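Order of the sequence lines sets the chain letters (A, B, ...), proteins ahead of strands, with each chain counted from 1. All values derive from a computational prediction rather than experimental measurement.
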Amino acid sequence: MGETLQAPRGTRDLLPAETGRWARVEAALREVFARYGYGELRTPLFEHTELYVRGIGEATDIVGKEMYTFADRKGRSLTLRPEGTAGVVRAYAQHGLGQGEAGEAKLFYLGPMFRYERPQAGRFRQFWQAGAEAIGYADPMADAESVAMLVAALRAAGLKDLSVDVNSVGDAETRAAFRARLVSFVEGWSGPISAESRARCAVNPLRILDSKDPQDAELVAAAPKVTNHLGTRSSAHLASVLRHLDRLGVPYEVNKALVRGLDYYTDTVFEVLSADLGAQSAVAGGGRYDSLVGQFQAQPRPAVGWAIGLDRLVGLLEQRGLMEGSGGARAAVCCVGSRAFARGLALAEELRGLGVRTWFDPSGRRSLKSQFKQADAEGCLLALVLGDDELDRGEATLKDMRKGGQAPVALAGAAAEAARRLAGD
RNA sequence: GUGGAUGUAGCUCAGUUGGUUAGAGCACUAGAUUGUGGAUCUAGGGGUCGGGGGUUCAAAUCCCCUCAUCCACCCCA
């Protein structure tokens, strides 16, 4: 404490007790991505600032006040990635990843993102996301498949009860028209309105719709909803997505108040929420973004994707007791005396060579009693005991940590015998 | 960026209106059991009381500043 250095604000160390759980969640997600035919893309942790300004939108909070932006030694403006989609789209365009006429590609990523926000429950400055992007797919089936994969991924990770909130924010034209309609409605509004919402009216009016300020409750209730003003194409698209979701048995609810904070979304948007997460209730979110790819290459491509907040997902699983602890060592080598410790080190190594998770105390200082205590805490099923007596007879004592019995075994074959016994269980 | 709460041992926390060597439980080490764990008992190690400044004969305790954590606003995964 005191003078000892701490991790920077909003960052955290994931300790050995938790990393095992994270690894299992990540493995489950990777398995689902593979099942749906998505390939992993690893993009840089930082990109040219311009990528995010153009891609996410200048008016968004992320770009406006949450980015870690810095100049490198040559004065270029770089930014730690605040989200994954923009980088994926950039890499897609740069490497011509699209297949065939439609430029199809299914890509996933998993890694840390960075946003300069005030830390809070479920909110960190460095946080982890796993995301999937299907580029080159315009059909509503792609939206449905993407949502189905999200549900499969969350279930594979261990989340049991979940439902997806779905909505449509319309295509570019509907959005522009609706934006104008909403702005004029708000300008003509004579009831109560929060200062924030008044300010948002000029920069990002859609966000007024999901204001949580009680002052805005009346306004939000009375305001027009995008969903009710969709163009023919957009409403047909939404209806088709919902039909496919019904057929797939994906649990969802239409939420007309759902509006996402990134500018690039068009038509379908969706979120998975959990009341158990406190104020930061979104576990995952995503949607369609048909006009983003065209900003980075001549050929525009439709796309759908989402991202899961891993910190929140893991937190939820831990909270609900849905995660098992990771397995510790299975065998221990316990020694008495310096000669025995030296031989024990080699014996432990031999066991590890046979693939056995082995606990050994290389300090050589602890009492036998303490060594057994540790071995027990590690969950060892058996222990090999070495002392001067055993060494002189060319033996080791093989002890069953569960039943308590023990018997001598030839030192030369002790590791193999222990491995055989463990495999037999 | 705004508001509220909180910082005492590795962890969870006591510490009465300021009073002398700052405590408990868990964990750790050792002993009881001269080489045998998961129970018990005993002993021990471990703290510049987040940091800095101030008030006072005296500060973990009161005041100011600062850093950090938690919660909410905001934002989003």
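- Pairing for B/A60 is absent, with no Watson-Crick or G-U wobble pair whose two atom distances lie under 3.5 Å.
- Computed from coordinates, the A/R12 CZ to B/A68 P distance equals 18 Å when rounded to whole Å.
- Taking the ring centroids of A/Y38 and A/F108, they lie at or beyond the 6.0 Å cut-off.
- Using C1' as the reference atom, B/U6 and B/C49 are 14 Å apart when rounded to the nearest Å.
- Going from the C1' atom of B/A39 to that of B/A32 covers 14 Å, rounded to whole Å.
- Taking atom C1' in both B/G47 and B/C28, the straight-line distance is 16 Å, to the nearest Å.
- Phosphate proximity of B/C73 to A/R118: absent, as no side-chain N or O sits under 4.0 Å from OP1 or OP2.
- Looking only at distances, no side-chain donor or acceptor of A/E271 sits under 3.5 Å from a matching main-chain atom of A/L273.
- Counting to the nearest Å, the P atom of B/A77 and the CZ atom of A/F114 are 16 Å from each other.
- When atom types are taken as modelled, the side chain of A/Q371 and the backbone of A/R366 share a donor-acceptor pair closer than 3.5 angstrom.
- With rounding to whole Å, A/Y116 atom OH is found 9 Å from B/G1 atom C1'.
- In the interface, the side chain of A/R123 is paired with the base of B/C74 through a donor and an acceptor atom under 3.5 Å apart.
- In this structure, A/E145 and A/Y36 have side chains that are in contact, with non-hydrogen atoms separated by less than 4.5 Å.
- Under 4.0 angstrom from either OP1 or OP2 of B/C73 there lies at least one side-chain N or O belonging to A/Q120.
- A gap of 44 Å separates the C1' atoms of B/G37 and B/U61, to the nearest Å.
- With a 6.0 Å radius and a threshold of 12 heavy atoms from other residues, nucleotides or ligands, A/R181 has its CZ atom at or below the threshold.
- Out of B/A72, B/A30, B/C76, the shortest distance to the side chain of A/A121 is found at B/A72.
- For the pair A/L310 and A/L110, the minimum side-chain heavy-atom distance is below 4.5 Å.
- B/C76 atom C1' lies 13 Å from atom CE of A/M113, rounded to whole Å.
- B/C13: Watson-Crick or G-U partner is B/G23, with both key distances under 3.5 Å.
- Only the P atoms considered, B/A22 is 15 Å distant from B/G50, to the nearest whole Å.
- No more than 12 heavy atoms of other residues, nucleotides or ligands sit less than 6.0 Å from atom OH of A/Y116.
- Within a 6.0 Å sphere centred on CG of A/D161, heavy atoms belonging to other residues, nucleotides or ligands number 12 at most.
- Side-chain atoms of A/R54 come within 3.5 Å of backbone N or O of A/Q295 as a donor-acceptor pair.
- Nucleotide B/C41: paired with B/G31 (Watson-Crick or G-U wobble, both distances less than 3.5 Å).
- Judged by closest nucleotide on RNA chain B, A/A377 is the one of A/A377 and A/A279 placed further toward the 5' end.
- Following rounding to the nearest Å, A/E117 (CD) and B/A72 (P) show an atom-to-atom distance of 13 Å.
- Among the atoms of the strands shown, none is found under 4.0 Å from any heavy atom of A/G315.
- Nearest-nucleotide mapping onto RNA chain B: of A/W128 and A/R9, the residue sitting toward the 5' end is A/R9.
- Both distances falling under 3.5 Å, in either a Watson-Crick or a G-U wobble arrangement, occur for no nucleotide opposite B/G47.
- Residue A/S281 is out of contact with every strand shown, counting any heavy-atom pair closer than 4.0 Å.
- Among the heavy atoms of the strands lying under 4.0 Å from A/A284 are primed sugar atoms or P, OP1, OP2 only; no base atom is included.
- The gap from the P atom of B/U21 to that of B/A58 amounts to 14 Å, rounded to the nearest Å.
- In this structure, the side chain of A/W306 engages the main chain of A/S146 through a donor-acceptor pair within 3.5 Å.
- In this structure, the CG atom of A/L162 is 15 Å from the C1' atom of B/A77, given to the nearest Å.
- Atom name C1', nucleotides B/C13 and B/G18: the rounded distance is 22 Å, in whole Å.
- Using N1 to N3 plus N6-O4 or O6-N4 for Watson-Crick, or N1-O2 and O6-N3 for G-U wobble, each under 3.5 Å, B/U6 pairs with B/A68.
- For B/G46 and B/C63, the C1' atoms lie 32 Å apart once the distance is rounded to whole Å.
- Remark: B/U55 base-pairs with no nucleotide in the shown strands. Criterion, Watson-Crick or G-U wobble with two distances under 3.5 Å.
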field: Sequence-aligned protein contact record of nucleotides 33-47 of chain B, with B where the base is within under 4.0 Å of a protein heavy atom and S where only the sugar-phosphate is
entry: --BBBB---------

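- At a threshold of 4.0 angstrom between heavy atoms, the contacts of A/G286 with the nucleic acid are absent.
- Going from atom CZ of A/R125 over to atom P of B/A77 covers 18 Å, rounded to whole Å.
- Rounded to whole Å, the distance from CG on A/D361 to P on B/C28 is 13 Å.
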